[in-house]
Amino acid sequence: MPTATETKMERLSVLVEKPIPLEFDVGNLCAFDSNPLDPILYAEDREKCLQEAARDGAQALINQILTQVPLKSTNDGVYAELPAPVTPLPREKPIPKPKDPTKWELFAAKKGIKDKQKDGKLVYDEEKGEWVPKWGYKGKNKDGEGDWIVEVDEKKQKAGTEEVDPRSASREERKERIKKNERQMKKNEKRSVTGAKPWAPKKGSGVGKRR
Amino acid sequence: MIRTVKPRNARSKRALDDRGAKLIENQKKTLLLSGTSTSELTRHALGDLHALKKPHAIKFTKKNDIHPFEDASAFEFFSSKNDTAHIVFASHSKKRPHNITFARTFDHKILDMLELGIDETTFRPLESFKNPKFAVGMKPMICFTGSLFDSTPEYKLVKSVFLDFFRGETINAVDVEGLQYMINVSAAEPSDRETTPVVHLRVHLIKTRKSGQKLPRVEVEEIGPRMDFRVRRIQEADAGMMKEALKKPRQLEARTKKNIETDIIGDKLGRIHTGKQDLNKMQSRKMKGLKRGPTDDEEMTLVDAEDDKVKKARLS
């Protein structure tokens, strides 16, 4: 048998009835009530009028959330899974543009060259009989840089007029390759900023004709 | 334009990347500024808006000689320096007393501006309501009451700016316990006497009571601030800029899955490709009449005889 307090509780209405049904943007936890405020009450007791409108809006929005949105109960509490917001609101910043392809990427795409499969940083060194890093500390690319004796490449020795220490030549070559790569990176960056045509083959050069 | 800085370490690079354009954006931050002359009321209002927006707001204390509707370049500078897309500017003059300007930026350029005058007779700051407030950083519920917000350009802008300003973070799930407070923006209907009605901003704490039904009974309690605004000057967004700002990234669009449909009842229907059926290998019903005659291959008859045995065994 229901007690007096229970029956009283049952009388509390949870429905919001308005001539124009409210619109909701549950993703933003937002309700839009296009019904006019009660003009008589607004003139007499403005705060009461606004309070009542607010209560109705709150009740309607909470009803909408509790009935129309999937609820998930976890150990932390009950969660309402909100849909994406629907009201169009401006972004803060423009949509990020995809990075411009580098000169090499364009060339590779044209020639149909696929990226090499990455197979880790380590490579097997047959002389040492163990796995060593390809680059970096004790990297494979530094092979022969600390050698006591270096075989002199006669051709290069003849071609270059200035004296080059044959023992440091290998290291200098590597450093030169790094610098070249940096130059290319800078060029690509500059090209993406200025928007210059990235790669135009010269007429009659035959590049791009082969298929 | 601020010079582009190249990050020197990973931490500063992360910080710089966080400021850059993103597919899923951060919550817009707010910068609160004061003009050269402010009233006590506007200072209170600015502080209260700061309290509502914490922790995603920065408030500056120094005076700034800015006249937004004449030259808003200072706003753009502040926006790019502090990475704030909302700017709230307080000023007070004889011509426009108790003035609050809301400005939005897109890509650190002014998108639109809305100038509101606070009614000094009805204003009540946050502290004047002596009751418990909501926890910092909660996502508010927002309610707009009045048909004006869908019809008149000024009020449409009010709705857009306030919704953008108060909505907080975009989240995909909310704790039901976390629905703590509601921001109500309402306006009466325009009449002959009053063509541009006051916009009322009220903030209420939500209290739920058992109703004996599944849904709770909701009651509200005002926690302040209480502000009544009159719309003064507005600067609407440039159409091209707004179009750019409203663009939705294609990467975030839900991909339609091929061959999967949902019918009216809500059942999921799928269509699959099964390949071509080879009718020659199909097992048809076994009958004595269809059996190969004695002229056929001996092996086949043997197999068939075995099959028959199996069948008989199953039947028995």
Side-chain angles (χ1 to χ4, degrees), chain A residues 2 6-15 20 22 25 27-37 39 42 46-47 49-51 53-63 65-67 69 71-72 76-85 87-97, chain B residues 20-23 25-26 28 85 104-108 111 122 139-147 149-150 160 163-164 167 170-177 179 182 184 186-189 200 202 204 206 208-220 222 237 242 244-247 249:
Chain A
E6 270 178 23
T7 45
K8 196 188 164 193
M9 279 203 301
E10 270 164 27
R11 249 180 268 138
L12 291 174
S13 137
V14 294
L15 293 176
I20 310 166
L22 272 71
D25 178 4
N28 279 330
L29 297 177
C30 189
F32 304 107
D33 182 0
S34 38
N35 296 289
L37 296 167
Y42 186 76
R46 186 167 293 182
E47 290 312 319
C49 173
L50 294 174
Q51 180 110 359
R55 198 216 74 80
D56 285 349
Q59 177 83 60
L61 184 56
I62 283 181
N63 287 358
I65 291 167
L66 294 181
T67 55
V69 171
L71 296 174
K72 204 167 79 181
D76 304 333
V78 182
Y79 283 85
E81 287 178 359
L82 301 178
T87 315
L89 288 172
R91 291 174 64 87
E92 184 181 1
K93 278 154 204 158
I95 297 165
K97 286 194 185 82
Chain B
K22 284 173 158 187
L23 264 190
E25 300 205 291
N26 304 338
K28 285 186 184 179
R104 281 194 290 188
T105 65
F106 173 65
D107 200 14
H108 307 308
L111 183 71
T122 54
K139 190 173 164 81
M141 301 196 286
I142 308 167
C143 181
F144 289 90
T145 313
S147 60
F149 293 112
D150 293 325
S160 178
L163 179 56
D164 202 5
R167 68 170 176 157
T170 308
I171 47 176
N172 41 24
V174 66
D175 190 351
V176 176
E177 295 286 307
L179 303 171
M182 183 173 222
N184 289 280
S186 38
E189 296 305 296
H200 306 281
R202 300 286 183 273
H204 293 98
I206 302 283
T208 50
R209 286 164 61 189
K210 279 178 187 164
S211 67
Q213 297 156 62
K214 205 184 164 200
L215 294 168
R217 164 82 180 180
V218 177
E219 297 293 345
V220 292
E222 195 172 352
M242 198 55 165
E244 187 70 22
L246 287 176
K247 265 187 190 168

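Everything numeric in this text was worked out from a predicted model, so none of it was measured.
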Residue, of B/Thr170, B/Thr145, B/Thr105, B/Asn184, that accumulates the most heavy atom pairs under 4.5 Å with chain A: B/Thr145
Other residues, nucleotides, ligands: >12 heavy atoms within 6.0 Å of B/Glu177 CD: no
A/Leu15 CG to B/Gln213 CD distance, which is reported to the nearest 0.5 Å: 7.0 Å
Minimum-distance pair of heavy atoms, taken over all atoms of B/Lys28 and A/Pro90: NZ-O, 3.0 Å
Most chain A-contacting option - heavy-atom pairs closer than 4.5 Å, from B/Glu244, B/His108, B/Arg104: B/Arg104
Heavy-atom pair of closest approach, residues B/Met182 and A/Ala54: SD-O, 4.0 Å
Euclidean distance, B/Ile206 CD1 relative to A/Arg55 CZ, rounded to 0.5 Å: 10.0 Å
Aromatic ring pairing B/Phe144/A/Phe32, orientation class (parallel under 30°, perpendicular over 60°, tilted between): parallel
B/Phe149 versus chain A, the contacting section by heavy-atom distance below 4.5 Å: neither
Steps toward side-chain contact (heavy atoms from CB on, under 4.5 Å) verdict (A/Thr67, B/Leu215): CA-CA 8 Å; A/Thr67 55; B/Leu215 294 168; 3.8 Å; yes
A/Leu61 versus B/Ile142, closest heavy-atom pair with distance: CD2-O, 4.2 Å
Under 3.5 Å: donor-acceptor pair, side chain of B/Arg167, backbone of A/Gly27: no
Pick from B/Ser160, B/Ser186, B/Ala187, B/Pro249 with the largest number of heavy-atom pairs that fall under 4.5 Å of chain A: B/Pro249
side-chain contact (heavy atoms from CB on, under 4.5 Å) between B/Lys214 and A/Leu66, worked out: CA-CA 9 Å; B/Lys214 205 184 164 200; A/Leu66 294 181; over 6 Å; no
Check against side-chain contact (heavy atoms from CB on, under 4.5 Å), A/Gln59 and B/Arg217: CA-CA 7 Å; A/Gln59 177 83 60; B/Arg217 164 82 180 180; 4.1 Å; yes
Value rounded to 0.5 Å, distance of CZ in A/Arg46 from NE2 in B/His200: 5.0 Å
Heavy-atom pair of closest approach, residues B/Ser147 and A/Ser34: CB-O, 3.5 Å
Separation of A/Ile62 CD1 from B/Leu179 CG (nearest 0.5 Å): 6.0 Å
Option in A/Pro94, A/Gly77, A/Pro88 with maximal non-hydrogen atom pairs under 4.5 Å from chain B: A/Pro94
Pair A/Glu92 + B/Lys22, salt bridge at N-O below 4.0 Å: no
Chain A interface, residue from B/Pro216, B/Ala237, B/Gly20 that has the most non-hydrogen pairs under 4.5 Å: B/Pro216
Donor-acceptor under 3.5 Å (B/Glu25 side chain, A/Arg91 main chain): no
Closest-packed option against chain A by number of heavy-atom pairs under 4.5 Å, given B/Leu163, B/Leu246, B/Val174, B/Asp150: B/Val174
Proximity breakdown for A/Asn28 and chain B, heavy-atom pairs closer than 4.5 Å: both
Side chain / backbone / both / neither for A/Pro36 at chain B, heavy atoms under 4.5 Å: both
Shortest non-hydrogen separation from B/Cys143 to A/Gly57 and the atoms involved: SG-CA, 3.9 Å
Which portion of B/Glu219 sits near chain A, non-hydrogen atoms under 4.5 angstrom: both
Chain B contact via A/Ile20 - which portion, at a heavy-atom distance below 4.5 Å: neither
For B/Val220 against A/Ala58, the heavy-atom pair lying closest together: CG1-CB, 4.1 Å
